[in-house]
Amino acid sequence: MIRFEALTKRYGRHRAVEALSLELAAGEVVALLGPNGSGKTTSLKVAAGLVLPTSGRVLAGEPPASTRDPAARRVLSFLPQRVSFPESLTGREVLEFYRRLRGAPAGAAEQALRAASLDGAAERAVGTYSGGMTQRLGLAVAALPDARAYLLDEPTSALDAEGLAAFYALVERWRGEGRTVLFSSHQLGDAERLADRIAILVDGRLVAALGQRELADRLAARGRMRLRLDACPAGLAERLAALAPGARWTGEELVIPGPPALRAQALELARAAGAEIRSLSAEDGRLEPLYRELVEGSA
Ligand SMILES: Nc1ncnc2c1ncn2[C@@H]1O[C@H](COP(=O)(O)OP(=O)(O)OP(=O)(O)O)[C@@H](O)[C@H]1O
């Protein structure tokens, strides 16, 4: 549905994006992650046809056409990182203006207001909106067109819990309807909650693109099991460390790092050693340390 083909964007001698190749299928939700200045906004703006690439291209639609072509842009909807609207207009008036501009049907503004959970504030002047409400309005505007792909630049940065829930529900609906979503975020929770795939940019380069399966495997491998014991039988910690490097006895519990597949063997060793297991817990690794490692490992 969207294809980045060796996209490079330079500002003077500075390379904002370098040879980015990434393909998003219909109905796929991809989170674009990366530190400040890593090229997320630039990539989204080129995809939206707002910034010209230095080389390479971004294609969208069926049949695929360059997003420099207005026909291709008609299948896209873009939410900029910062939105601002005329302060004296009400939320409904802003939406009505954009509805006509995008040629969306009459009921679309109402539906978008509800989807962004903004219907209670529709008659208020936009100048009285909080930052989060303005972001919800931006999201409502982006949700207006019947687009095949939504490009959203940090859609959740100012949202509270209710706004976040509305955004998650909107993306789930789009996914269910076979629409493609590419969003940038600094909130790893958004990626964990929504993304079929995460793509990480560092200094303009794509350093990782992990699908859900691969991500789940990587996170599971970083998991750990904890066995609470009254006492650790002699030699057990060493035998466990041979099975699962890093396994250790804290004085209260055995901590056994590694993927779930290892846990049955570890339990067997503990039982064979005569350990009295008081309680057992297991957890998967978190995205945050994996993300940091991928970002730092690429430096
Ligand atoms: N119009 C511009 N002129 C010159 N340099 C620019 C311009 N726009 C972006 N850059 C530079 O390109 C690089 C990538 O910027 P970009 O805004 O794409 O990053 P980002 O990943 O979206 O960052 P953030 O997370 O802070 O929003 C940065 O070094 C930035 O300073």
Side-chain angles (χ1 to χ4, degrees), residues 1-4 7 17-41 43-44 47 58 149-157 159 164-165 167-226 244-247 255-264 266 281-299:
M1 184 60 220
I2 302 180
R3 197 158 75 229
F4 292 80
L7 170 68
V17 181
E18 191 177 342
L20 171 62
S21 292
L22 184 69
E23 188 161 355
L24 288 83
E28 194 178 19
V29 178
V30 175
L32 196 54
L33 308 177
N36 289 136
S38 56
K40 302 179 297 297
T41 294
S43 304
L44 287 167
V58 185
Y150 293 86
L151 306 166
L152 312 172
D153 197 357
E154 294 195 27
T156 64
S157 56
L159 295 184
L164 215 50
F167 172 68
Y168 290 164
L170 187 61
V171 174
E172 292 297 359
R173 193 183 89 207
W174 284 336
R175 188 200 328 259
E177 292 168 351
R179 303 176 202 268
T180 302
V181 181
L182 176 61
F183 72 96
S184 68
S185 183
H186 289 288
Q187 317 299 323
L188 297 183
D190 293 347
E192 281 180 308
R193 171 71 178 71
L194 286 176
D196 298 309
R197 202 147 45 109
I198 62 168
I200 302 178
L201 288 179
V202 177
D203 290 335
R205 284 177 299 113
L206 183 68
V207 298
L210 303 175
Q212 260 186 355
R213 186 66 218 234
E214 207 178 346
L215 195 57
D217 287 349
R218 300 274 281 259
L219 293 179
R222 285 153 186 276
R224 58 193 60 233
M225 178 169 70
R226 295 172 185 277
V255 181
I256 304 152
L262 214 111
R263 291 174 194 157
S281 64
E283 65 210 38
D284 268 354
R286 303 290 304 160
L287 179 56
E288 215 237 292
L290 173 62
Y291 167 77
R292 258 188 285 123
E293 205 174 287
L294 289 167
V295 168
E296 283 157 17
S298 70

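For reference, positions follow the sequence shown, starting with 1.
- Residues V207 and V295 have side chains not in contact (no heavy-atom distance under 4.5 Å, counting atoms from C-beta outward).
- I200 places none of its side-chain heavy atoms less than 4.5 Å from the side chain of L210.
- When all heavy atoms of A25 and M1 are compared, the pair lying nearest together is C-CB, 3.9 Å.
- A heavy-atom distance below 4.5 Å is not found between the side chains of Q187 and L159.
- Not a single donor-acceptor pair under 3.5 Å links the side chain of D284 to the backbone N or O of G223.
- Side-chain contact between V181 and L194: absent, with no pair of heavy atoms (C-beta onward) separated by less than 4.5 Å.
- Here the CG atom belonging to L206 is positioned 6.0 Å from the CG atom belonging to L22, to the nearest 0.5 angstrom.
- Distance CZ/R218 to CG/L290: 5.5 Å, rounded to 0.5 Å.
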Next item on the list: Would you please test D203 and E18 for side chain to side chain contact (heavy atoms under 4.5 Å, CB included) and show each step?
Entry: CA-CA 8 Å; D203 290 335; E18 191 177 342; over 6 Å; no
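- V202 is listed as a side-chain neighbour of P35, based on a closest heavy-atom distance under 4.5 Å.
- Taking 4.0 Å as the cut-off between side-chain N and carboxylate O, R286 and E288 do not count as a salt-bridged pair.
- For the residue pair S184 and P155, the shortest heavy atom distance occurs at O-CD, 3.3 Å.
- Using a 4.5 Å cut-off on side-chain heavy atoms (C-beta onward), R175 and D196 make contact.
- D153 pairs with exactly one of T41, L182, L32 by the side chain to side chain contact (heavy atoms under 4.5 Å, CB included) rule, that one being T41.
- For the pair I2/V30, no side-chain contact is recorded, criterion being any heavy-atom separation below 4.5 Å from C-beta on.
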Note to self: Set out, in order, the CA-CA distance, both residues' side-chain angles and the distance that settles side chain to side chain contact (heavy atoms under 4.5 Å, CB included) for H186 and K40, then state yes or no.
What the structure shows: CA-CA 11 Å; H186 289 288; K40 302 179 297 297; 3.6 Å; yes
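- Nearest heavy atoms, P245 versus P257: O-CG, 3.5 Å.
- Contact check for L294 versus L33: no side-chain heavy atoms found under the 4.5 Å cut-off.
- Considering CE of M225 and CD1 of I256, their distance stands at 4.0 Å, rounded to 0.5 Å.
- Between F167 and F183, the two ring planes are perpendicular [angle over 60°; tilted spans 30° to 60°].
- Minimum interatomic distance between S43 and L201 (heavy atoms only, all atoms of both residues): OG-CD1, 3.8 Å.
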Check: For R197 and E214, what are the C-alpha separation, side-chain angles and deciding distance, and is it a side chain to side chain contact (heavy atoms under 4.5 Å, CB included)?
Finding: CA-CA 9 Å; R197 202 147 45 109; E214 207 178 346; over 6 Å; no
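- Partners of E293 by salt bridge (charged side-chain N to carboxylate O under 4.0 Å, His left out), not counting sequence neighbours, listed by chain and number: R222.
- For the pair T180 and G27, the tightest heavy-atom approach, listed with the atom from each and the gap, is OG1-N, 3.5 Å.
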